[in-house]
Amino acid sequence: MTATPRAPASTAPRHGVARVISKLGAGSRTQAALWVRDGRVRVNGKVVRDAEFPVRQGLDRIDIDGQQLASTARLVLMLNKPRGLVTTARDEQGRDTVYSCFAGSALPWLAPIGRLDKASEGLLLFSNDPAWAAWISDPKSGPDKTYHVQISGRPDATLLAGLKRGMVLDGERLTAKSVSGLRVGDKNAWLELVLDEGKNRQIRRLLAAFDVSVLRLVRVAVGGLALGKLPKGQWRMLTKLECDSLLAGPAAATAPASRRARI
């Protein structure tokens with residue numbers, strides 16, 4: 001097989017140094033921009049202080065604190081997010097974040113793939129690969145997400161059909177790919193909703209439109225990856241097979257080989 005030639009240096013695409021550092025999995029773009037501003041980053045031996053300084057990934061040498069930066073192995077983990085934590089690295093209001101679950105673990109930089117709001121719980125993925133994370137979270141290429149939702153009252157067929165049909169709220173169409181009842185009690189019930197997109201507070205807003213209150217909201221699966229018996233507040237690394245399974249379906253047919261897990 002003939003190897004594909006590398007693009008000449010003059011035609012190789014250039015991107016801002018902070019973006020390249022993030023794409024290589026060393027940290028978020030915001031963190032990288034701070035490193036650049038603080039003079040901790042060198043490109044081809046010279047200190048740069050502009051986060052948009054153009055570099056050619058794979059051609060230009062980047063050093064952070066004197067250490068050469070190279071591509072790192074993709075890491076993906078799943079966390080069983082407890083209620084009461086916000087999905088962010090730093091919260092301006094001082095609230096506890098999901099990163100408190102990783103205290104003392106010595107994990108490298110990892111960013112959440114998508115979000116769960118403070119009152120929601122369940123399966124939340126993290127990765128050090130922004131491009132792969134974007135592919136997984138994109139509604140056009142990523143897997144469906146399954147939620148178990150405890151609601152007040154007893155649902156009827158009209159409610160289930162209405163949730164699946166959806167509605168337009170604030171100029172945005174909200175709907176569920178599928179809706180089914182799990183169990184019904186005297187005063188509340190559990191539903192299973194599957195979403196093929198992730199709009200802000202989508203389930204809560206949709207149910208509120210039908211005057212239905214959400215008591216609990218738990219993400220139980222992303223594609224074929226189930227939360228299982230992972231305890232609340234605990235995490236584990238995904239295997240290569242599990243990472244590749246997230247590309248099942250339409251995404252798997254079109255995903256570039258570079259998107260495949262390289263764990």
Side-chain angles (χ1 to χ4, degrees), residues 74-87 98-102 105 107 110-129 132-151 155 160 163-164 175-185 188-199 201-204 206-207 214-253 255 259-263:
R74 178 184 299 138
L75 297 177
V76 183
L77 66 77
M78 61 186 290
L79 168 72
N80 186 350
K81 175 193 175 295
R83 297 175 72 175
L85 301 180
V86 293
T87 308
V98 290
Y99 286 89
S100 64
C101 297
F102 306 140
S105 64
L107 286 168
L110 296 165
I113 302 177
R115 294 181 180 273
L116 286 173
D117 63 39
K118 181 180 178 182
S120 300
E121 54 194 295
L123 199 165
L124 184 61
L125 295 173
F126 291 76
S127 179
N128 64 343
D129 187 334
W132 186 83
W135 183 268
I136 293 299
S137 57
D138 189 329
K140 296 180 180 179
S141 56
D144 295 341
K145 298 174 181 64
T146 304
Y147 300 83
H148 287 178
V149 186
Q150 186 183 33
I151 62 170
L160 299 184
L163 293 173
K164 188 173 182 179
T175 186
K177 183 176 181 179
S178 69
V179 183
S180 59
L182 293 174
R183 52 187 182 273
V184 179
N188 56 66
W190 282 90
L191 304 178
E192 180 176 274
L193 281 79
V194 177
L195 303 183
D196 55 8
E197 56 186 351
K199 296 175 181 175
R201 298 176 63 86
Q202 182 171 346
I203 292 175
R204 295 182 186 277
L206 184 57
L207 284 165
V214 173
L215 304 179
R216 286 184 67 190
L217 195 159
V218 186
R219 182 189 287 161
V220 297
V222 176
L225 179 68
L227 180 61
K229 297 182 179 180
L230 186 66
K232 287 184 181 180
Q234 299 297 304
W235 58 272
R236 70 170 180 84
M237 290 292 180
L238 268 59
T239 66
K240 179 181 183 301
L241 183 62
E242 287 174 324
C243 289
D244 285 345
S245 75
L246 295 175
L247 297 176
R259 299 278 193 265
R260 303 291 180 174
R262 51 180 185 271
I263 295 174

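Quick caveat: nothing in here was measured; it's all calculated off a predicted structure.
Contact between Leu227 and Gly122 at its shortest, heavy atoms only, is CD2-CA, 4.0 Å. Taking both residues in full, the closest heavy atoms of Met78 and Leu225 are given as SD-CD1, 4.2 Å, listed atom of the first, atom of the second, then distance. Nearest heavy atom pair, residue Leu123 against residue Leu116, reads O-CD1, 3.8 Å. Here the closest non-hydrogen pair linking Trp132 and Cys243 is CZ2-O, 3.8 Å. Closest approach of Ala176 and Leu206 over heavy atoms only: N-CD2, 4.3 Å. Contact between Pro112 and Tyr99 at its shortest, heavy atoms only, is CD-OH, 3.2 Å.
By the neighbour-count criterion of 12 heavy atoms within 6.0 Å, atom NZ of Lys164 is sparsely surrounded, having that number or fewer from other residues, nucleotides or ligands.
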Trace of the side-chain contact (heavy atoms from CB on, under 4.5 Å) decision for Arg219 with Lys81: CA-CA 9 Å; Arg219 182 189 287 161; Lys81 175 193 175 295; over 6 Å; no
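Residue Ser120 holds its OG atom at 7.5 Å from CD1 of Ile203, rounded to the nearest 0.5 Å. With rounding to the nearest 0.5 Å, the separation of CG in Leu77 from CG in Leu238 is 7.5 Å. Between atom CZ of residue Arg83 and atom CZ of residue Arg216 there is a gap of 6.5 Å, rounded to the nearest 0.5 Å. Taking CG from Asp244 and OG1 from Thr239, the interatomic distance works out to 8.5 Å, rounded to the nearest 0.5 Å. Between the CZ atom in Phe102 and the CZ atom in Phe126 there is a gap of 4.0 Å [rounded to 0.5 Å]. The line from CH2 of Trp135 to CG of Leu246 is 13.5 Å long, rounded to the nearest 0.5 Å.
No side-chain heavy atom of Ile113 sits under 4.5 Å from any side-chain heavy atom of Val222. Looking at heavy atoms from C-beta onward, Ile136 lies in side-chain contact with Pro143 at the 4.5 angstrom threshold.
At distances below 3.5 Å, not a single donor-acceptor pair connects side-chain atoms of Lys177 with backbone N or O atoms of Lys145. A distance-only check finds a donor-acceptor pair linking the side chain of Asn128 to the backbone of Leu75 [under 3.5 Å]. Although no hydrogens or angles enter the test, the distance criterion places no donor-acceptor pair under 3.5 Å between the side chain of Glu121 and the main chain of Asn80.
Take Glu192 and apply the side chain to side chain donor-acceptor pair (under 3.5 Å) test, not counting sequence neighbours, and it matches His148.
The pair Asp129-Arg74 counts as a salt bridge, with a side-chain nitrogen and a carboxylate oxygen less than 4.0 angstrom apart.
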